[in-house]
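Nothing here was measured: the structure is a model prediction, and the numbers come from that model. One-based numbering, in listed order, for ligands and for the atoms of each.
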Amino acid sequence: MSKKILILAGDGIGPEVMTEVKRIISWMNARGLTDFTVSEGLVGGSAYDVHGVPLADETMAEAMDADAVLLGAVGGPKWDSLDFSVKPERGLLRLRKEMELFANLRPALVFDALAEASSLKLDIVKGLDIMIVRELTGGVYFGQPRGITTLENGERQGLNTQVYTTSEIVRIAEVAFDLAYKRGKKVHSVEKANVMESGLLWREEVQKLRDARYGDIALEHMYADNCAMQLVRNPKQFDVIVTDNLFGDLLSDCAAMLTGSLGMLPSASIGADIGGGKRRAMYEPVHGSAPDIAGQGKANPLACILSYSMMLRYSFGMLDVADMLDNAVQDVLNQGIRTGDIMQAGATLVGTSGMGDALLKALEARA
Ligand code: NAD
């Protein structure tokens, strides 16, 4: 049965990189590898320009109805001075909130051909393949009470609350264990159980879940500060890392930089099971709208293309097609084809559509 994909290309380089993804979707549909019906909507500044809000209600409804959403990027200087309530990013936050996307998956994968771009030594990052699973809708970014108050002595106080319940911990840990099954069967659960009660609860609940239902998975607990250190000392010890919203924010950016390139990083945000094994999900590159290069045909489309590959894998279980696409990306990099952001001496410089052309050629060769 045909699956519905909603594409929200957004602002800046979003529509440019998305054009290349759409070419790949058309190619896969024509080949009979997929049967996707694609619709498109506006998000971010481009939605504000048309609707006066960064995400129209109709677009939100379409996202709720879609089998998966693919997003480009939002934002740009044109909309920087807008009121907070209608800033482009609010469109993204609304999608995440209403689709209840509680699990953020950020792979840190080092392609052999790009290993030298990392700021770490080649032997430390070559072959690296980590998945960071970050809790996205709870913890200190949302906990109550919060706010800035003035105390009786006249001093000001800023307050945020780190809070997690058993069900919030269990559902994110399930995502991590299920992923580990398809990978290296190893999970590191990361918190600060030594100094935070919420971390202690996290540790106990993750361990309980592992013992009850995931006996085949090797589980290690690690303090977040140690994890930060281990990520740059010996990142290849990790397979899946599961952690809370705050630590995940920091650790996923740190792990991403091991790979050396923003234009290569995909992500997925997954929601609860809404029946029949279906989960709401949104896929998007980690990078932003890159206003400095927007409209110049220079953007690297691979992060967005790899986000689409995650969609094939995690929303639709099309592992063979996802592998084919990932391998085609490897092929193109091995051929020395590069956009400006990942350019190396002796390589061939191409633009956004040139990268798309090379990828389609590599897919043809593998089909
Ligand atoms: P950015 O990720 O847009 O750009 C940072 C740098 O990386 C720029 O020099 C850019 O040219 C380069 N870059 C990013 N993606 C690239 C690609 N695919 N190919 C080649 N080069 C690439 O971050 P920024 O400059 O801090 O933010 C720009 C705008 O994007 C802001 O309005 C910000 O709020 C927004 N933003 C949106 C998202 C999102 O939509 N998820 C994420 C981050 C930033």
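Distances from ligand 1 to the non-hydrogen atoms of E89 include at least one value under 4.0 Å. Note on ligand 1: L92 sits in its first shell, one or more heavy atoms being nearer than 4.0 Å. Not a single heavy atom of A303 sits closer than 4.0 Å to an atom of ligand 1. Not close to ligand 1: T339, with no non-hydrogen atom less than 4.0 angstrom away.
Regarding atom 6 (C) of ligand 1, its nearest protein heavy-atom neighbour is L262 CD2, 4.3 Å. Here the protein heavy atom with the shortest distance to atom 32 (O) of ligand 1 is G76 N, 3.1 Å. Scanning the protein heavy atoms around atom 35 (C) of ligand 1, the nearest turns out to be V74 O, 3.2 Å. In terms of protein heavy-atom proximity, atom 43 (C) of ligand 1 is closest to G288 CA, 3.6 Å. Scanning the protein for heavy atoms near atom 13 (N) of ligand 1, the closest one is A290 CB, 4.1 Å.
Residue K278 qualifies as enclosed at atom NZ: its count of foreign heavy atoms under 6.0 Å is above 12. Counting heavy atoms of neighbouring residues, nucleotides and ligands inside a 6.0 Å radius, atom CD of Q144 exceeds 12 of them. Within 6.0 Å of NZ on K186 lie more than 12 heavy atoms contributed by other residues, nucleotides or ligands.
F102 carries R171 over the face of its six-membered ring, with the cationic atom under 6.0 Å from the centre and within 45° of the normal.
Classification of D341 and K298 as a salt-bridged pair fails, no side-chain N sitting under 4.0 Å from a carboxylate O. Ion pairing between R183 and D129 holds under the 4.0 Å rule for side-chain N and carboxylate O.
Proximity of atom 18 (N) of ligand 1 to the protein is indicated by at least one non-hydrogen atom lying closer than 4.0 angstrom. Protein non-hydrogen atoms do not reach within 4.0 Å of atom 27 (O) of ligand 1.
For the residue pair E205 / Y164, no side-chain donor-acceptor distance below 3.5 Å is found, with atom types taken as modelled.
Here I13 has side-chain heavy atoms under 4.0 Å from ligand 1, and that is the only part of it that gets that close. With a 4.0 Å cut-off on non-hydrogen atoms, N300 touches ligand 1 through its backbone as well as its side chain. Counting heavy atoms under 4.0 Å from ligand 1, residue P291 touches it through the side chain alone.
When the options V206, T165, V163, I169 are evaluated for a side chain to side chain contact (heavy atoms under 4.5 Å, CB included) with L201, the one that passes is I169.
Scanning both residues, A303 and S307, for their nearest heavy atoms gives O-OG, 2.7 Å.
In summary, the atoms of ligand 1 found under 4.0 Å from a heavy atom of D341, numbered by their order in the structure, are 19 (N), 20 (C), 21 (N).
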